[in-house]
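Here's the structure we're looking at; comments come further down.
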Amino acid sequence: MTKPVVAIVGRPNVGKSTIFNRIVGERVAIVEDIPGVTRDRIYSQGEWLDTEFQVIDTGGIEIGDEPLLVQMRAQAELAIKESDVIIFMVNGREGITHADQEVAKLLFRSKKPIVLAVNKIDNVEMQEQLYEFYSLGMGEPFGISGSHGLGLGDLLDEVKSHFPDQVEEPYDPDTIRIALIGRPNVGKSSLVNAMLGEDRVIVSDIAGTTRDAIDTPFSKDDQDYVVIDTAGMRKRGKVYESTEKYSVLRALKAIERSDVVLVVLNAEEGIIEQDKKIAGYAHEAGKAILIVVNKWDAFQEKDDKSMKNFEQKIRDEFLFLTYAPILFLSALTKQRMQHLLPLVNKVAENHTLRVPTHVLNDMIMDAVVMNPTPTDKGKRLKINYVTQVAVGPPTFVFFVNEPELMHFSYQRFLENRLRATFELEGTPVKIISRKKN
Ligand code: GDP
Ligand code: GDP
């Protein structure tokens, strides 16, 4: 399923990020703290009454030092392009401003469903201020208070009512959906071309289900693949499209739709913060991950140690990706290119691994014998039963006496045992502790 996308547009300081954080809530990370990754809150998951969707805070995408109106226009355009429903947010304490009117005009022309949110309506008496906003011509204004958490339910009901009918991904479930992430010029497009190869079988250029995403399907050795959002890799036009945050946004959207994420690095230039951020997102989203070091042909001091050194550097930088295999190759000379798709197949297979319950429980009981469960204040963690509840990524629920006793270090030990026993290379693993005696 592709999840609907909601964008929040509005002047600075009307409360967009406050609302964004409220909608997104505190997401449970697979590992609580990913070292070295600061969260970039422009794009995240929301959920309302069992419906999942994506939220974009367009205010998080700064467009250089442009004047307010130019910024606002760019944000409105971005919302129109990237979302299914737009929340247009204004400040109930300030009334309608010129900038609000300009943005309203733009949004109005787009034919996208727009929900007008009047923020900072912190109490019932302030409801009267809402009437003025009818004149924006966007229908009923929804009074909300980000700081007090008021009115959000009604607002989200309205937003949800505009969601398009759920669109199924147009691909067979066996198709491996690949997203390539990495900053410009690392060689993503070259890698796609090299994967397609001479004997490629391009089925067709399917315009993706998300606006203007262009996917590239192909097959090799009876396996179907699709490279998600190939269009996002091409040179783009609009002002906002050249901003770094926008390319991050595109990458995150592509990750969302994929099974396997190729984190593409460049042998010549090393690793930058943005690589880590995006890879951290792929990890949190529970995708299979493969680290590809491209342009190995151009790497200067190549001796028997250089690959090991580079690998160590990657391991030091991506501490949370210990499970991701690293492949050094060259899209240009095709050196080691032949290993790429087999490795993609492998991590995709591991991502959907199912472990029979009895095998799982036997293995965990052995692990507990090897390394007894932790105790806290005289109480010992007792694992009663383990079961796998999902694949993509493999997700295990541990039924225990006291979930708080499952310390991070013990959980890591269990994960390591799982990895040592089963084929889980390239996939994150989720471990959930539930109370059950
Ligand atoms: P953004 O620039 O649109 O993302 O706005 P922020 O979310 O950063 O909020 C701007 C300021 O408005 C902050 O100081 C918030 O604490 C404040 N704010 C946000 N929502 C409300 C609200 O519902 N009521 C009041 N009184 N202040 C709010
Ligand atoms: P993208 O922006 O990540 O899609 O990168 P491109 O695929 O457009 O490649 C950027 C530049 O790097 C182009 O000039 C490519 O020819 C070059 N390039 C790509 N792969 C390799 C490689 O393996 N080795 C070398 N030496 N150059 C490469």
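Keep in mind that the numbers below use all heavy atoms, side chains included, and drop hydrogens, waters and symmetry copies. Indexing begins at 1, ligand by ligand and atom by atom, following the structure's order.
Listed here is the closest heavy atom pair of Met337 and Leu329: SD-CD2, 4.1 Å. Contact between Leu343 and Pro325 at its shortest, heavy atoms only, is CD2-CB, 4.2 Å.
At least one N/O-N/O distance between Gly187 and ligand 2 falls below 3.5 Å. Checked by distance only, ligand 1 and Gly15 come closer than 3.5 Å through their nitrogen or oxygen atoms. Between Lys16 and ligand 1, at least one N/O pair is under 3.5 Å apart. Looking at ligand 2, you won't find any N or O of Trp296 less than 3.5 Å from one of its N or O atoms. Considering backbone and side-chain N/O of Gly146, one or more are found under 3.5 Å from N/O of ligand 1. Here's the thing with Thr333: none of its N/O atoms is less than 3.5 angstrom from an N/O atom of ligand 2. For the pair Ala331 and ligand 2, the shortest N or O to N or O distance falls below 3.5 Å.
Nearest protein heavy-atom contact of atom 22 (C) of ligand 1 is Ser147 OG, 2.9 Å. In terms of protein heavy-atom proximity, atom 18 (N) of ligand 1 is closest to Lys120 CE, 3.7 Å. With respect to atom 7 (O) of ligand 1, the closest heavy atom belonging to the protein is Thr18 OG1, 2.6 Å.
Between Phe320 and Phe318, the ring planes are perpendicular. Angles over 60° get that label, and only those under 30° would be called parallel.
Close to ligand 1: Pro12, with a non-hydrogen atom less than 4.0 angstrom away. Under the 4.0 angstrom criterion for non-hydrogen atoms, His148 is not in contact with ligand 1. Look at Arg11 and you'll find a heavy atom under 4.0 Å from some atom of ligand 1. For Gly182, the closest heavy-atom approach to ligand 2 does not fall below 4.0 Å.
Looking at Arg183 and Glu269, a side-chain N of the basic residue comes within less than 4.0 Å of a carboxylate O on the acidic one, giving a salt bridge. Taking the charged nitrogens against the carboxylate oxygens, Lys16 and Asp57 have no contact shorter than 4.0 Å, which rules out a salt bridge. Ion pairing between a basic and an acidic side chain is recognised when a charged N comes within 4.0 Å of a carboxylate O; Arg11 and Glu94 show such pairing.
At a heavy-atom cutoff of 4.0 Å, ligand 1 is contacted by the side chain of Arg93 but not by its backbone. At a 4.0 Å heavy-atom cut-off, ligand 2 touches Val186 through backbone and side chain alike. Under 4.0 angstrom from ligand 1, the non-hydrogen atoms of Asn119 all belong to its side chain. Residue-level proximity to ligand 2 for Asn185 is carried by backbone and side chain together, each with a heavy atom below 4.0 angstrom.
Each of the atoms 2 (O) of ligand 2 lies under 4.0 Å from some heavy atom of Pro184. Close approach of ligand 2 to Ser190 (heavy-atom distance below 4.0 Å) involves ligand atoms 6 (P), 7 (O), 9 (O), 15 (C), 19 (C), 20 (N). With ligand atoms numbered from 1 in the order given, ligand 2 contributes 22 (C), 23 (O), 24 (N) to contacts under 4.0 Å with heavy atoms of Ser330.
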Next item on the list: For Arg250 and Glu82, run salt bridge (Lys or Arg N to Asp or Glu O under 4.0 Å): C-alpha distance rounded to whole Å, both residues' side-chain angles, the deciding distance at 0.1 Å, then the answer.
Entry: CA-CA 9 Å; Arg250 294 299 304 218; Glu82 299 288 339; 2.9 Å; yes
Margin query: Applying salt bridge (Lys or Arg N to Asp or Glu O under 4.0 Å) to Asp229 and Arg257, what does each step give before you reach the verdict?
Written below: CA-CA 9 Å; Asp229 193 22; Arg257 293 179 54 222; over 6 Å; no
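When Gln335, Lys334, Lys295 are ranked by how near their heavy atoms come to atom 11 (C) of ligand 2, first place goes to Lys295.
The protein does not reach atom 13 (C) of ligand 1 closely, with no heavy atom under 4.0 angstrom from it. Counting protein heavy atoms under 4.0 angstrom from atom 27 (N) of ligand 1 gives one or more. Remark: atom 4 (O) of ligand 1 lies closer than 4.0 Å to at least one protein heavy atom.
Residue Tyr134 places its OH atom among more than 12 non-hydrogen atoms of other residues, nucleotides or ligands, all under 6.0 Å distant.
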